[in-house]
Amino acid sequence: MGVELDSIFESAVNNTLFKNKGVLQTKYMPESVHHREEQIKQIAGILSSLLRSERPSNLFLYGKTGTGKTLSVQYVKTELEKKAEELGVDIRIEYLNCKMRKIADTEYRILAALIHQLGGSVPATGLPTDKVYSKFIELIDAKKQVVVLIFDEIDQAIAKMSDGFLYNLTRLNSELSKAQISLIGISNDVTFLENIDPRVRSSLGEEEIVFPPYNALQLQDILNQRSKMAFKENAVNEGVISKCAAFAAREHGDARRALDLLRIAGELSEREGKKSVELEYIDQANRKIEKDKILDVVEKGPKQFHLVLYSISKLSRVSKEKKELKIFTGDVYNLYQEFCRKTKTEILTQRRVSDIIAEIDMLGLINAQVISKGRHGRTKEITLSIPPNLIEKVDAILVESLGL
DNA sequence: CGAGATTCATGTGAAGTATACCTTTAGGCTTAA
DNA sequence: AAGCCTAAAGGTATACTTCACATGAATCTCGTA
């Protein structure tokens, strides 16, 4: 064992292929953004009125994950901030990612996070929401300014609460006397605006910009740029870049995915003590990404979720042996109760479990569809959508968390 | 045989409850003058 | 008298429960051919 570790440490220190791995990480902000010039120009054009201390239109950005939405906005944000400083104009742009569970998935928590960013503080609970609103307003309205609020992945947040929140936000301007706000919404879901209150829709969608997926060529270009900075010379084999690009292009042109692929393939190659990133590691990296994503989601779910998921997993194993028996809510609930007793956990009502199933569905770990079995009532028909090779690992996590 | 009525097993919405936490308020105690 | 601390009172968000009603196709009923 000792020897094995030694060699790992050794290669970590000496044989590193990377010059600057950070360049490939998602949080990295490049100085220039390629292939999004058009969108950036539009965003900048709309937001430029900030420099005259005028309120820009509300803005809505669409596009699949990894199409550069966040990046473009952030880019414009920093550029604008620079320029504003130069000109001595006071502007305020706040970015908030709504997807972070436990940080911002309710109206209250989003506001709290926002207030926190603005330098105020609110307790985690206990305050009436309208009080939080007035605190927020107070904070913004303290001086004459235009505040831009960027809500990333806003569709995720609204799925969990009502669209009343957005309505409140759009109406907020009338509550402000000195300051003004404008909103930027970012959504992965193209149909998002169609399903919300028309009043909000028209207000929020004053301007809309669509981010099309990158094509393979563009991805390749981006990867080339980054890999030059990230890797040492000659550390990337022929064809690696184009394969990453091709992989990601197949996944709706997701640049983030492409970069992750390249980075992880690099890490894997390095770990194996290779002198360069080799083609074969890309497939491995691809699998690893899928795996990590799922395991991560499973891991951070609360205990009751684990119980439900474990029940589903167990049932799906049984049903597979018996060839394609479907899983229904009732079965899940029965098994779930059994596990609760076994682990001495409080048994939740079927009502709640039904909701939990819906939530797990949202997380993409299972597939649940309401069907009617006619005389035999109505149910959710549930299928586990975790790849077979991962089920074991997932089960392991669940077993550990439940102490079975 | 076919159109309607029934039925089942949950889905689903609304309202209520428990818990954990927050602010406000009113005493009560300390302190400095 | 002013300042500070504490405990009680009053209030909220969140996760969950309770209650009650909604669903929708397989199955049953029954009139009709």
Side-chain angles (χ1 to χ4, degrees), chain A residues 96 98-116 118-139 156-169 195-197 297-312 315-316 318-319 324-341 343-363 365-384 401-402:
Chain A
L96 181 73
C98 307
K99 197 182 174 181
M100 323 272 266
R101 276 170 66 77
K102 288 291 159 197
I103 295 176
D105 62 352
T106 73
E107 186 172 1
Y108 186 97
R109 294 212 260 252
I110 287 180
L111 278 173
L114 228 37
I115 289 174
H116 200 73
L118 289 168
S121 70
V122 270
T125 172
L127 237 50
T129 308
D130 52 341
K131 206 107 181 183
V132 181
Y133 265 108
S134 46
K135 177 136 193 177
F136 180 60
I137 289 170
E138 190 184 306
L139 214 52
Q156 300 279 324
I158 298 306
K160 294 214 85 183
M161 41 191 193
S162 76
D163 52 10
F165 171 60
L166 285 180
Y167 181 66
N168 285 340
L169 276 177
N195 306 322
I196 59 178
D197 191 324
V297 174
V298 172
E299 204 153 27
K300 74 184 178 187
K303 192 168 182 187
Q304 293 288 359
F305 280 43
H306 287 168
L307 278 162
V308 176
L309 188 57
Y310 191 57
S311 308
I312 294 171
L315 279 173
S316 86
V318 173
S319 71
E324 292 296 3
L325 264 179
K326 306 282 186 186
I327 305 172
F328 305 110
T329 309
D331 308 332
V332 173
Y333 188 62
N334 288 336
L335 193 58
Y336 158 82
Q337 290 183 77
E338 205 177 295
F339 284 137
C340 278
R341 270 180 238 116
T343 58
K344 293 211 227 154
T345 313
E346 219 178 324
I347 301 175
L348 300 183
T349 24
Q350 181 158 318
R351 178 70 185 81
R352 179 60 186 146
V353 170
S354 174
D355 280 350
I356 290 178
I357 290 175
E359 283 174 61
I360 297 179
D361 182 27
M362 290 262 275
L363 292 175
L365 297 177
I366 60 173
N367 213 306
Q369 266 202 326
V370 266
I371 54 153
S372 176
K373 290 195 292 173
R375 194 72 204 268
H376 305 294
R378 257 170 141 237
T379 336
K380 273 188 180 128
E381 190 180 278
I382 302 163
T383 354
L384 204 55
S401 128
L402 300 173

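Below, chains carry the letters A, B, ... as their sequence lines are ordered, and counting in each starts from 1.
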Can you tell me how far apart [atom1] ([X]) and [atom2] ([Y]) are? Round to the nearest 0.5 Å.
X: A/S311; Y: A/L335; atom1: OG; atom2: CG; value: 4.5 Å
X: A/E299; Y: A/S401; atom1: CD; atom2: OG; value: 9.0 Å
X: A/I347; Y: A/L307; atom1: CD1; atom2: CG; value: 10.0 Å
X: A/L384; Y: A/L309; atom1: CG; atom2: CG; value: 6.5 Å
X: A/L118; Y: A/L139; atom1: CG; atom2: CG; value: 5.0 Å
X: A/Y310; Y: A/L402; atom1: OH; atom2: CG; value: 7.5 Å

Protein-nucleotide distance ([X], atom [atom1]; [N], atom [atom2]), rounded to Å:
X: A/I357; N: C/dC16; atom1: CD1; atom2: P; answer: 14 Å
X: A/L307; N: C/dA15; atom1: CG; atom2: P; answer: 17 Å
X: A/R109; N: B/dC21; atom1: CZ; atom2: P; answer: 13 Å
X: A/I356; N: C/dT14; atom1: CD1; atom2: C1'; answer: 14 Å
X: A/K326; N: B/dT10; atom1: NZ; atom2: C1'; answer: 18 Å
X: A/L111; N: C/dA13; atom1: CG; atom2: C1'; answer: 13 Å
X: A/Y133; N: C/dA13; atom1: OH; atom2: P; answer: 11 Å
X: A/Y108; N: B/dA20; atom1: OH; atom2: P; answer: 17 Å

Take nucleotides 23-30 of chain C nucleotide by nucleotide from the 5' end and write B, S or -, depending on whether a protein heavy atom sits under 4.0 Å from the base, only from the sugar-phosphate, or from neither. BBBBSS--
Heavy-atom count around A/E381 CD within 6.0 Å, excluding the residue itself: above 12? yes
Could you check whether any side-chain N or O of A/Q350 sits under 3.5 Å from a backbone N or O of A/G330, counting only pairs where one atom can act as donor and the other as acceptor? no
For residues 351-358 of chain A, run the donor-acceptor check on the side chains, cut-off 3.5 Å, and write out each pair with its distance to 0.1 Å, sequence neighbours left out.
| residue | atom | partner | partner atom | Å |
| --- | --- | --- | --- | --- |
| A/R351 | NH1 | A/D355 | OD1 | 2.9 |
| A/R351 | NH1 | A/D355 | OD2 | 3.1 |
| A/R352 | NH1 | A/E359 | OE2 | 3.4 |

Return the residues of residues 343-355 of chain A meeting this criterion: a heavy atom under 4.0 Å from some atom of DNA chain C. Order them by number, or give none.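 Per residue number, the list reads A/I347, A/L348, A/T349, A/R351, A/R352.
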